[in-house]
Amino acid sequence: MMTNQNMLKLPPERQYEKELLALKENDQGAKPENWEMSPKSVRTFILGSDKPLRYNGEEVTIQKKFFGDDALIERCIITLAGNRGLLLAGEPGTAKTMLSELLATAISGTSTNTVQGTAGTTEDMIKYSWNYALLLAKGPSEEALVPSPLYTGMEKGRITRVEEITRCPSEVQDSLISMMSDKVLTIPELGEEGVLFATPGFNIIATANIRDKGVNEMSSALKRRFNFEIVSPIKELALEVQIIEKEVEKLIAQTKIDVELDRDSAHLLATTFHELREGQTAEGKRMDQMEAVMSTAEAVSVYFQSVMSAYYYDDGHLTMDRVVQNMLGTVIKDHDEDRKKLKNYFSTIVKDRSMKEGGLWNEYYQAKKWIK
Amino acid sequence: MERVLPSQEMDQINALYEQALNYHGQTVYFPVRHHSPACSYHLQKVIETYQPEVILIEGPTNANKLLPYLVHENNQAPFAVYYSYADQAALLDEDKGKYTCYYPFLDYSPEVVALRQAHKLGIEAKFIDLPYEQILLNSERGKGMHEKDRKKKYNDDYLLDRSRFIQSLCQKENCRSFNELWEKLYEIDGLYQSTEVFVKNMLTYCYLSRHDYTADMLKAEGCSAREQFMAQEIQQALNQYERILVVTGGFHTSGLIELQSKSLPKLSLQKVKEKDTGTYLMAYTYKECHQLNGYASGMPYPSYYQTVWKNILKRTKQPLEASVQYYIAKFGKRLREKEDGVSTADSIEAMRMAIGLAGLRDKLECSLYELTDGVKSAFTKNEHSRLLQTLDQLLVGDQVGLIKETLHMPPIVNDFHSICKTYKLPIQTAQKQEKVLDLLKTKSHREISRFFHAMSYLNTDFCVKKKGPNYVKRIDTNLVRETWEYRWNPHVETELIQHSVYGGTISEAVSEMIMERIKKSSSESHVACEQLVYAALIGLEPLMKQVLPTVEQIIQQDGDFYSLVDACHHLHLLVKEPYLFHIEQSPYIKSLLIQAFQKAVSLMTAVANVPKDDENRAVEAMKQFYTLIIDRELSVHTELFIVQLKEILAAKEQNPAIAGAVVSMLIGLEEWTEEQGVEKAMSYLFATGEAVTEAAAFLKGLLTVSREMMLSNQTLLDGIQQMLNDISYETFLQVLPELRYAFSSFTPLEINMIAKRVAHWHDTKVDSVLELPAIDEAVIRQAKNLDEEARRQLLDWAILK
């Protein structure tokens, strides 16, 4: 098994091992069958608690891991204790995947029982496939069957995660319907034995992206099997600025180049992304929302690229020209409407600020020339 | 709650409790929150147990004469007591302003429950608070109820909220708001507690809310005087009765108990003439009772809590959960009526969610917040908003109260009569009267005009404007006089009574209606701005200030170019000519104008390729817009406007009429030279094939916006002449209607000038062309016969009827 040190990213069950143990030890609430902890403890695991818990003689503080709507977390937990699956929908970069990992970890102790949805996902990846050597040698048998994560989830009563469900072809998505409503999976190859009844504790957390083009619309039959929760982007500008700075710092550290983070430009960029995404300026003026994904993650990428090009081409001096160029290349791409909207944004909002505040905003306004 | 309190404070609260709920004493104090079913539930029990001889209720004593009507079986809640005070004697300040407030009641308001039970059991009951006008006189301006220009409620709940500890309590109890906290601790838990425990918890809460208040603050809010007055009333009752029940807002209970045993100096009250005050009972609506903008209005969602109250009265086992179930079913049904594909399975899931969430949140029963969360999870499959709006409407309810029996007519009718009297408008006659009003010169005329406008806004059939400027439709705006015809008829009063729900005076009712229409206009900014003009006409300047933020939101949400252009015009009128309405110049309205303008400009490119049918409207809108840009108010934004004009011309597909208008504007803004414009025109005029038909549309656009080019530039006319020479007769007939339209914008003098030039080419004179008989009489007769014949045949074939 890999050690924590040589893993690029730790799964939550490793990262928060101590918190999980402490919560379990102190858990006094009623648990739904096969859950690792009570719904209240699941809530505490995700939303944190001021009061440290005692575990093995030490005090363990439960960190807050998800920022935003607390009631949403409560709804997610209660949904998972019921008959329907949970579908976390939302714009890219809103921490849907993280939330689904946390929920799965708290409820079933593992976040890795996961189907990664892509356009190439097939029905056997959802249900089960065969080890063909064993299949040829012994014929269809349980031994030759290769269970899918969903199969394992049903068998062991675990939460199964389906990532990017809407990227899967519709017919593949639909194979989930009977498993979710009847809680049964039939394996005709195994004859009469071939019926897998779901163990209590089994449920599905799916994530879906509501903005990406080219996704496959879910059938209403499947929609009915899910409770939908919309996860919204960060509403607070200050918090977003903080996250962007933190992330860019991390990236710069990884590339080991010697540049200093320019906080003012980071703030300016965060403001632009935040405003264009929310369709509202910091002063409360409304404007057109962009079609393109203006997530925090995209802002980080634009900023990081600008820093890199400044480092390699402009002697480390970050110019607003670079920022605008990268914004066009990374975010707007060839979307004509968005280009117009961005241009409008510059001719009204940025212009206003360049007149009122001057400085960096003025330089930013001058870079409007790149938006053709 | 005890967890957050140190023990000394608990001792004080215990002492307070001993004094409040002492069934063996001469007085029992019962603290309430307005519109709280749990309070009503326990209050009923206290009345049964204590059997008081008299019930003293917090409420201005002016309303005592209305008590029989508050409990009358023919009157149905929701209703409100409406208080008014006209400061004629300038006791408050020099403004001699008018003050009003409402005291709303629902079936489950503790005060109503107490009054009704007293009526049933033959117990005496009365209000004991200071008269409304005295509350005003004893509080500082801008504090408590002493605020002008706002529809005030007689209510103290806002006092309960402000304290600091609420926030920490919310956090501790995992509640997202004060209302959720209240529901959890009092409405839900309260039903499972003994009355003793409930009262104690209420007192704890009220004690703490009052804790942050200093004596000065209490005085400024008018609380000190009110409590002293109430305490005196209670002391007086002590001489008369053996068992007295005092029902007041929780905030005052501790204050009253403190004053109970003290000997109080007599409160000196200023003398107020009776004619300056008014107290009326009037119908009210659930919608009015539900105000989410603060805690001042008691509990929200009246329809929901009405169901809870009914369940409590029916002794339903879990009254809140039963209400949740009822509303989930009702919600599902409502959605199915709208043909949303929802099933009973969704309702079951919503109910399961609600119950599960109640467990997770340590609530004894699920209620309002679990209901909305359950619906959010189980019913919505994308964005929440629309469905939740439907749910919200259901929970608020649309019931309107009914007043059949009362002392006086609703105040709005009296207001009408008193205004007519003030302005000496004769209404005791069936004869139509006429009034000519000089709006700019005479103050009283302006005021009468405002009154007439208000009456016609209310659709009362009282008056009709026969002549004068129409600023809403922008017709005859050069006129300065208005001529009105008016006549009183019974219909006027019926209409006014119907509007009495909206307010006690005509201007209040109009304000409410304007506000409602603005809110309802959702994203149609032209509707909202039109309402602003009405508000200006009726002289509701404070209202205008109040609704501007809403209008701003609507402008921001509006994505329709035409609507925004219209909105710009309404706003422009208010910015440019406020003196017409005798209102102040408002920078806020100006900023709205700029916002609407910018938004419309950014949407302008959408008209580049409008369909033929829409082009006249689009050209007209752009022309109006252009007149705005020429105005200096908006000239800073010319740059953006020009960018957008050029964007339209650069579009691959463009409507020729729009292109013509754009060219005309670019020249007008000195962005293009006239030569450039002519060049563009020539490209249309000398087009080949089908494209030549577009030339007429281009000219129409060009000349609608500005016709100077035709007069000053010979080349353009030459070009037209050339085109007419080149095209076939069929094509000519095709383009003729639009050419006519294009030339319709010229004045007769200009037409004559152009005609002279045209005549010159044909070696003739204008006069000789005019002298020619237009058409031979025989031809006309023949055509007429032909028409008649065709008509007869069509009738025969039953194609025409």
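Because the structure is predicted, anything quoted here is derived from the model rather than measured. Naming: A, B, ... by sequence-line order, numbering from 1 per chain.
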J.: What residue, out of A:Met218, A:Lys343, A:Lys223, has the most heavy-atom pairs lying under 4.5 Å from chain B?
T.: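 Greatest number of close heavy-atom pairs with chain B: A:Lys223.
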J.: For B:Ser377 versus A:Glu229, what's the shortest heavy-atom pair and its separation?
T.: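 What the structure gives for the nearest pair is OG-OE2, 2.6 Å.
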J.: Please state whether the side chain, the backbone, both or neither of A:Ala89 comes within less than 4.5 Å of a heavy atom of chain B.
T.: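 Neither part; nothing is under 4.5 Å.
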J.: Might you confirm whether atom CD of A:Glu357 has over 12 heavy atoms from other residues, nucleotides or ligands at distances under 6.0 Å?
T.: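 Check passes, neighbour count above 12.
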J.: Do you see a donor-acceptor pair shorter than 3.5 Å between the side chains of B:Glu349 and A:Asn227?
T.: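 Note: B:Glu349 and A:Asn227 side chains meet the donor-acceptor criterion.
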J.: Name the member of B:Arg361, B:Glu647, B:Glu370 that forms the most heavy-atom pairs with chain A at distances under 4.5 Å.
T.: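 The candidate making the most pairs under 4.5 Å is B:Arg361.
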J.: Name the option with the most non-hydrogen atom pairs under 4.5 Å to chain B; the candidates are A:Thr348, A:Asp50, A:Leu87.
T.: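 Maximum pair count with chain B is reached by A:Thr348.
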J.: Hey, are the side chains of A:Asp70 and B:Arg176 touching, using non-hydrogen atoms and a 4.5 Å cut-off?
T.: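 A side-chain contact under 4.5 Å is absent here.
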J.: Just how far is it from atom CG of A:Asp69 to atom CG of B:Asp373, taken to the nearest 0.5 Å?
T.: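 That separation rounds to 8.0 Å.
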J.: Other residues, nucleotides and ligands only: do more than 12 of their heavy atoms fall within 6.0 Å of NZ on A:Lys369?
T.: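 More than 12 within 6.0 Å, yes.
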J.: Are B:Asp346 and A:Arg84 close enough that some pair of their side-chain heavy atoms sits under 4.5 Å apart?
T.: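 A side-chain contact under 4.5 Å exists here.
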J.: For atom NZ of A:Lys64, is the number of surrounding heavy atoms from other residues, nucleotides or ligands below 6.0 Å larger than 12?
T.: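 Buried by this count: over 12 neighbours within 6.0 Å.
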J.: Output the distance between atom CZ (A:Arg224) and atom OG (B:Ser343), rounded to the nearest 0.5 Å.
T.: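 If I round to the nearest 0.5 Å, the distance is 6.5 Å.
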J.: Determine whether the side chains of A:Ser347 and B:Glu639 contain a donor N or O and an acceptor N or O closer than 3.5 Å.
T.: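 Side chains of A:Ser347 and B:Glu639: no pair found under 3.5 Å.
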J.: Using heavy atoms and a sub-4.5 Å threshold, report which of residues 32-42 of chain A line up against chain B, by residue number.
T.: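 Contacts with chain B: A:Pro39, A:Lys40.
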J.: How far does OG1 of B:Thr605 sit from CG of A:Asn344, to the nearest 0.5 angstrom?
T.: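 B:Thr605 atom OG1 to A:Asn344 atom CG measures 8.0 Å (nearest 0.5 Å).
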J.: Do A:Arg43 and B:Asn174 touch side chain to side chain, with heavy atoms closer than 4.5 Å?
T.: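 A side-chain contact exists here, since the closest heavy-atom pair is under 4.5 Å.
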J.: To the closest 0.5 Å, what do you measure between NZ (B:Lys376) and CD1 (A:Ile230)?
T.: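 The distance works out to 10.5 Å.
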J.: Can you tell which part of A:Lys340 gets under 4.5 Å to a heavy atom of chain B, answering side chain, backbone, both or neither?
T.: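 Answer is side chain: those atoms of A:Lys340 sit under 4.5 Å from chain B.
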J.: Out of curiosity, B:Ile355 CD1 to A:Ile78 CD1, how far, rounded to the nearest 0.5 Å?
T.: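 B:Ile355 atom CD1 to A:Ile78 atom CD1 measures 11.0 Å (nearest 0.5 Å).
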